[in-house]
There are 2 protein chains.
Amino acid sequence: MAHASNSRGQTRIQKEKSEAILAAALKVFANYGFRGATIDQIADEAGLSKPNLLYYFKNKEDMHHQLIERILVIWLDPLRQFSATGEPVEEICAYVQRKLEMARDFPLQSRLFCSEVLQGAPNIMSELTGPLKTLVDEKAMLIEHWAKAGYINPVDPYHLLFSIWATTQHYADFSIQVEAVLAQNKQHWFVDASAHLDKLFRTLLKPS
Amino acid sequence: MAHASNSRGQTRIQKEKSEAILAAALKVFANYGFRGATIDQIADEAGLSKPNLLYYFKNKEDMHHQLIERILVIWLDPLRQFSATGEPVEEICAYVQRKLEMARDFPLQSRLFCSEVLQGAPNIMSELTGPLKTLVDEKAMLIEHWAKAGYINPVDPYHLLFSIWATTQHYADFSIQVEAVLAQNKQHWFVDASAHLDKLFRTLLKPS
DNA sequence: CTATATTTTTACTACAAAGTCAAATTTATT
DNA sequence: AATAAATTTGACTTTGTAGTAAAAATATAG
């Protein structure tokens with residue numbers, strides 16, 4: 001039986017196959033959303049038969065749930081790293097860069113998150129109003145403190161964060177539009193976007 | 001027969017019902033994407049039986065197609081209005097405000113567009129590489145001209161537009177996240193977001 | 001009011017998708 | 001090699017969904 005496994009944890013095959021399945025599921029869920037995705041499609045993408053896939057994950061929701069959980073960790077991580085030590089403007093600009101790199105390196109995760117939120121965040125609402133809000137409130141206080149101390153220009157910390165999330169994730173979520181408008185290949189936008197966003201936020205924050 | 005209609009065009013009932021159906025379809029497509037949406041759900045939302053709905057629209061794609069067409073017009077309109085007459089910084093900031101108002105007033109349209117692009121833009125790819133690209137190229141040239149003439153700070157015009165789209169549409173597409181983090185009701189974000197984005201782009205563009 | 005065009009409903013078909021089960025096969029252990 | 005455990009497959013049931021057809025009901029024009 002899958003996942004009952006032995007005392008040393010997962011089998012080699014279990015590790016390989018469930019990773020392959022999650023990778024396939026990420027691709028399909030990111031493109032079609034939870035309801036639009038089909039198990040057949042995911043199984044196909046992973047190179048397995050449907051019953052074989054269902055040997056590893058008991059149903060569609062199970063796969064989705066595991067993916068969403070992983071993404072929330074990845075998603076919150078750069079914000080956690082955002083620390084009070086270091087020069088404020090540089091700290092915020094470094095955060096922008098980290099987020100942009102994530103948009104380049106994990107576009108599917110960004111799209112799955114987008115898809116989930118678009119659908120009303122049915123599986124992560126409590127995460128948003130709980131841990132995310134707590135973390136954002138904390139960092140917002142830090143930003144306000146920086147503003148009051150004159151390290152950065154006064155700015156609405158919440159909307160600053162929204163702007164950072166929006167501009168960086170845009171390159172993952174709307175990459176097709178970005179590439180259509182620029183008539184460029186995959187991720188050619190990165191260098192220019194990086195310079196542009198650095199300038200955008202640096203100009204805003206630099207104390208006058 | 002529907003849509004064969006009489007010489008004066010559509011019947012009163014045809015006008016009313018097909019509008020009600022499109023409104024319902026917009027809601028459902030925006031939430032679940034094309035594949036995730038079901039005709040039953042749309043019919044339910046519109047208060048009709050499924051066969052009755054299919055009397056007005058021959059299939060699911062038909063509804064989606066009509067919605068997408070309408071949205072592309074609305075979507076491109078503020079960018080078209082973006083004119084060479086008037087003070088450059090004000091012109092761009094006014095564009096930001098128009099886009100933000102659209103995010104407030106037509107969130108479902110924004111989400112449907114987002115959903116379509118997320119899924120690889122299967123129905124609008126030619127619009128993106130054609131009319132949209134042409135229009136963007138044209139406006140990018142105008143912005144570059146403004147920069148060269150010293151009316152605005154030099155800036156990458158394409159990435160400027162991406163930033164504007166990203167920051168404004170974010171409030172429609174991620175409104176659930178925005179409202180969860182702010183712990184606020186619907187659209188309470190508008191006033192603060194408006195001030196924040198004005199400052200963000202005005203600071204960037206103001207010639208130094 | 002009545003004839004005609006229209007709208008709506010009921011009953012249906014065909015097919016896609018989720019998920020199960022037991023048998024067959026493969027892999028790991030001794 | 002023999003055995004046990006893990007993995008894979010094929011055949012299946014059930015439910016959901018798209019779409020059709022023809023009859024019934026309703027609205028509209030003369």
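Each chain gets a letter, A, B and so on, in the order its sequence line appears, and its residues count up from 1. On a predicted model such as this, the values are computed, not experimentally measured, just so you know.
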Closer than 3.5 angstrom, by distance alone: can the side chain of [X] be matched with the main-chain N or O of [Y] as a donor-acceptor pair?
{"X": "Lys133(A)", "Y": "Ala180(B)", "answer": "no"}
{"X": "Asp198(A)", "Y": "Ser194(A)", "answer": "no"}
{"X": "Ser110(A)", "Y": "Phe106(A)", "answer": "no"}

Under 4.0 Å from OP1 or OP2 of [N]: is there any side-chain N or O of [X] that close?
{"X": "Tyr55(A)", "N": "dT8(D)", "value": "no"}
{"X": "Asn52(A)", "N": "dT7(D)", "value": "no"}
{"X": "Tyr56(B)", "N": "dT8(C)", "value": "yes"}
{"X": "Gln14(B)", "N": "dT6(C)", "value": "no"}
{"X": "Ser49(B)", "N": "dT9(C)", "value": "yes"}

Atom-pair distance ([atom1] on [X]; [atom2] on [N]), nearest Å:
{"X": "Gln10(A)", "N": "dT7(D)", "atom1": "CD", "atom2": "C1'", "value": "14 Å"}
{"X": "Lys15(A)", "N": "dT27(C)", "atom1": "NZ", "atom2": "P", "value": "17 Å"}
{"X": "Ile21(B)", "N": "dT7(C)", "atom1": "CD1", "atom2": "C1'", "value": "11 Å"}
{"X": "Phe29(A)", "N": "dA17(C)", "atom1": "CZ", "atom2": "C1'", "value": "13 Å"}
{"X": "Glu16(A)", "N": "dA6(D)", "atom1": "CD", "atom2": "P", "value": "16 Å"}
{"X": "Leu48(B)", "N": "dT26(D)", "atom1": "CG", "atom2": "P", "value": "15 Å"}
{"X": "Lys17(B)", "N": "dT26(D)", "atom1": "NZ", "atom2": "C1'", "value": "11 Å"}
{"X": "Tyr32(A)", "N": "dA18(C)", "atom1": "OH", "atom2": "P", "value": "14 Å"}

>> Any salt bridge linking Asp40(B) with Lys50(B)? Criterion: basic side-chain nitrogen under 4.0 Å from a carboxylate oxygen.
In response: yes
> For every nucleotide of nucleotides 18-23 of chain D, 5' to 3': is a protein heavy atom under 4.0 Å from its base (B), only from its sugar-phosphate (S), or from neither (-)?
Replying inline: BBBB--
>> With a 6.0 Å cut-off (strictly less than), is the heavy-atom count around NZ of Lys199(A), excluding the residue itself, greater than 12?
In response: yes
>> Please verify the inter-ring angle class for Phe82(B) with Trp146(B); under 30° counts as parallel, over 60° as perpendicular, anything in between as tilted.
In response: tilted
> Does His159(A) have its ring centroid less than 6.0 Å away from the ring centroid of Tyr171(B)?
Replying inline: yes
